[in-house]
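Report on the following structure.
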Amino acid sequence: MSAKIIDGKAVAAQVRERVKADVEQMDIKPGLATILVGDDPASHVYVRNKRNACKKAGIESFHHELDASVPEGELAELIIKLGEDDRVSGILLQLPVPGHIDSDAMIELIHPMKDVDGLTTINAGRLVQGREGLVSCTPAGVIELLDSEGVALRGAEAVVIGRSQLVGRPLSSLLLARDATVTMCHSRTRDLAEVCRRADVLVAAVGRPKLVTAEMVREGAVVIDVGTNRTEDGLVGDVDFDAVVEKAAAITPVPGGVGPMTIAMLLVNTVKAARLQRGEAPAAVG
């Protein structure tokens, strides 16, 4: 039996349309400020894609490009200034930044209600406590994909491979909030394969090509591949797709699975941030 392929592009398109419809009903349009430091080609592509997505959704874009040699203090001043700008609903500092800049310190300068990447300690803490806040885009996108497939999370055994601040930890909190029984695996986990075989929902987010083999997946599991790895064979995920697709009930491909959801959920967060700042209840767009 071959697994159902979860089409991240299609789900992301639906989310974008819902965001666009929501923005059309707003008297004051949300605005996203992007900050790009340096000339990393991949970062330029990512930011351009985010700005284009904003334009299509009716969200204003305020872009700031800084030289790679910019002093940390100058970047800090810009972040603080954007936090005080009422036109700006969300602030996104594109990572990575040059080595002389403390990215953690810069992220902490982002106003928590404008932290559309969900990376500040305040938003991370609110997520752990199950309180309203802004959630990292990729984990939020994973939950959206699971919901789109009608995956029952309550009581399900969910295994997350990877404990990063960007994906593994926030995703585990989101799954726990949905009453899943969550196990977070990492480089020191004993008998990883045995732990993974227990999973009804298995998420790989560790950045190792084809780490998850068919032998690690139980029959009928839902497999979400967050990994994006450039190899001699092209772009591959953390899951051995060709082998696992014959065993899982549903699986995300790479590319075309989780990736498109990240920008879609950034739009959701920008609108949510705008509503939170205005004291409005966020619309159910995500």
Side-chain angles (χ1 to χ4, degrees), residues 1-12 42 46 136-153 156-176 178 180-265:
M1 180 187 74
S2 188
K4 178 180 179 182
I5 309 302
I6 302 174
D7 189 345
K9 290 181 180 179
V11 178
Y46 296 150
S136 296
C137 301
T138 300
V142 170
I143 297 296
E144 185 75 22
L145 288 175
L146 292 170
D147 286 346
S148 75
E149 292 298 315
V151 178
L153 294 175
E157 184 140 7
V159 173
V160 179
I161 309 174
R163 54 180 170 180
S164 70
Q165 299 289 353
L166 195 61
V167 180
R169 293 173 190 261
L171 178 56
S172 294
S173 293
L174 289 173
L175 289 167
L176 188 61
R178 297 289 293 271
T181 300
V182 183
T183 302
M184 193 188 314
C185 297
H186 46 79
S187 59
R188 298 295 182 266
T189 297
R190 296 176 182 173
D191 201 348
L192 177 63
E194 179 61 29
V195 176
C196 291
R197 280 193 289 269
R198 299 202 306 259
D200 301 304
V201 176
L202 178 60
V203 182
V206 72
R208 290 182 57 187
K210 300 184 180 182
L211 170 70
V212 177
T213 63
E215 292 71 26
M216 299 168 67
V217 179
R218 68 181 289 182
E219 200 79 37
V222 176
V223 180
I224 305 294
D225 192 349
V226 183
T228 303
N229 308 286
R230 298 188 183 279
T231 70
E232 292 181 355
D233 299 324
L235 204 62
V236 301
D238 290 351
V239 176
D240 185 352
F241 181 87
D242 292 338
V244 174
V245 73
E246 299 299 328
K247 202 170 184 181
I251 187 172
T252 57
V254 175
V258 175
M261 296 301 300
T262 300
I263 291 181
M265 301 314 291

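In this chain, residues are counted from 1 in sequence order. All of these numbers come straight from a predicted model, not from anything done at the bench.
- Under the side chain to side chain donor-acceptor pair (under 3.5 Å) criterion, Glu157 pairs with Arg198, not counting sequence neighbours.
- Residues Phe241 and Ile251 form a side-chain contact, since some pair of their non-hydrogen atoms from C-beta on lies under 4.5 Å apart.
- A donor-acceptor pair under 3.5 Å is formed between the side chain of Asp225 and the backbone N or O of Val239.
- Nearest heavy atoms, Arg230 versus Leu235: CG-CD1, 3.7 Å.
- A 4.5 Å side-chain heavy-atom check between Asn229 and Val254 finds every atom pair outside the cut-off.
- Contact between Lys247 and Glu215 at its shortest, heavy atoms only, is NZ-CA, 4.3 Å.
- With sequence neighbours left out, Ser136 forms a side-chain contact (heavy atoms from CB on, under 4.5 Å) with Leu119, Pro139, Pro170.
- Contact of the His186 side chain with the Val206 side chain is not registered, since no non-hydrogen atoms from C-beta on lie closer than 4.5 Å.
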*Decide yes or no on side chain to side chain contact (heavy atoms under 4.5 Å, CB included) for Leu166 and Thr138, but give the supporting numbers first.*
CA-CA 8 Å; Leu166 195 61; Thr138 300; 5.7 Å; no
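- Between Ser148 atom OG and Met261 atom CE the span is 7.0 Å, to the nearest 0.5 Å.
- Minimum heavy-atom separation, Leu171 to Val142: CD1-CG1, 3.9 Å.
- To the nearest 0.5 Å, atoms CD (Glu149) and NZ (Lys4) are separated by 3.5 Å.
- Using a 4.5 Å heavy-atom cutoff, the side chains of Leu146 and Val201 are in contact.
- Atoms CD and CD, from Glu219 and Glu246 in turn, are 10.0 Å apart once rounded to the nearest 0.5 Å.
- The main-chain N or O of Leu192 is never found under 3.5 Å from a side-chain atom of Thr189 such that the two would form a donor-acceptor pair.
- The line from SG of Cys196 to CZ of Arg218 is 12.5 Å long, rounded to the nearest 0.5 Å.
- A 4.5 Å side-chain heavy-atom check between Ile143 and Leu175 finds at least one atom pair inside the cut-off.
- Here Ala10 pairs with Asp7 under the side-chain contact (heavy atoms from CB on, under 4.5 Å) rule; sequence neighbours left out.
- Here the closest heavy-atom approach between residue Gly207 and residue Asp238 is recorded as N-OD2, 2.9 Å.
- Ile161 places a side-chain heavy atom less than 4.5 Å from the side chain of Leu202.
- In this structure, Gly8 and Pro260 approach most closely via the heavy-atom pair O-CB, 3.9 Å.
- In summary, Asp147 and Arg178 engage in a salt bridge, as defined by a charged side-chain N under 4.0 Å from a carboxylate O.
- A donor-acceptor distance shorter than 3.5 angstrom exists from the side chain of Arg169 to the backbone of Arg163, with no hydrogens or angles considered.
- In this structure, CD1 on Ile224 lies 4.5 Å from OG1 on Thr252, to the nearest 0.5 angstrom.
- Nearest heavy atom pair, residue Met184 against residue Gly162, reads CG-O, 3.6 Å.
- At distances below 3.5 Å, not a single donor-acceptor pair connects side-chain atoms of Asp240 with backbone N or O atoms of Val212.
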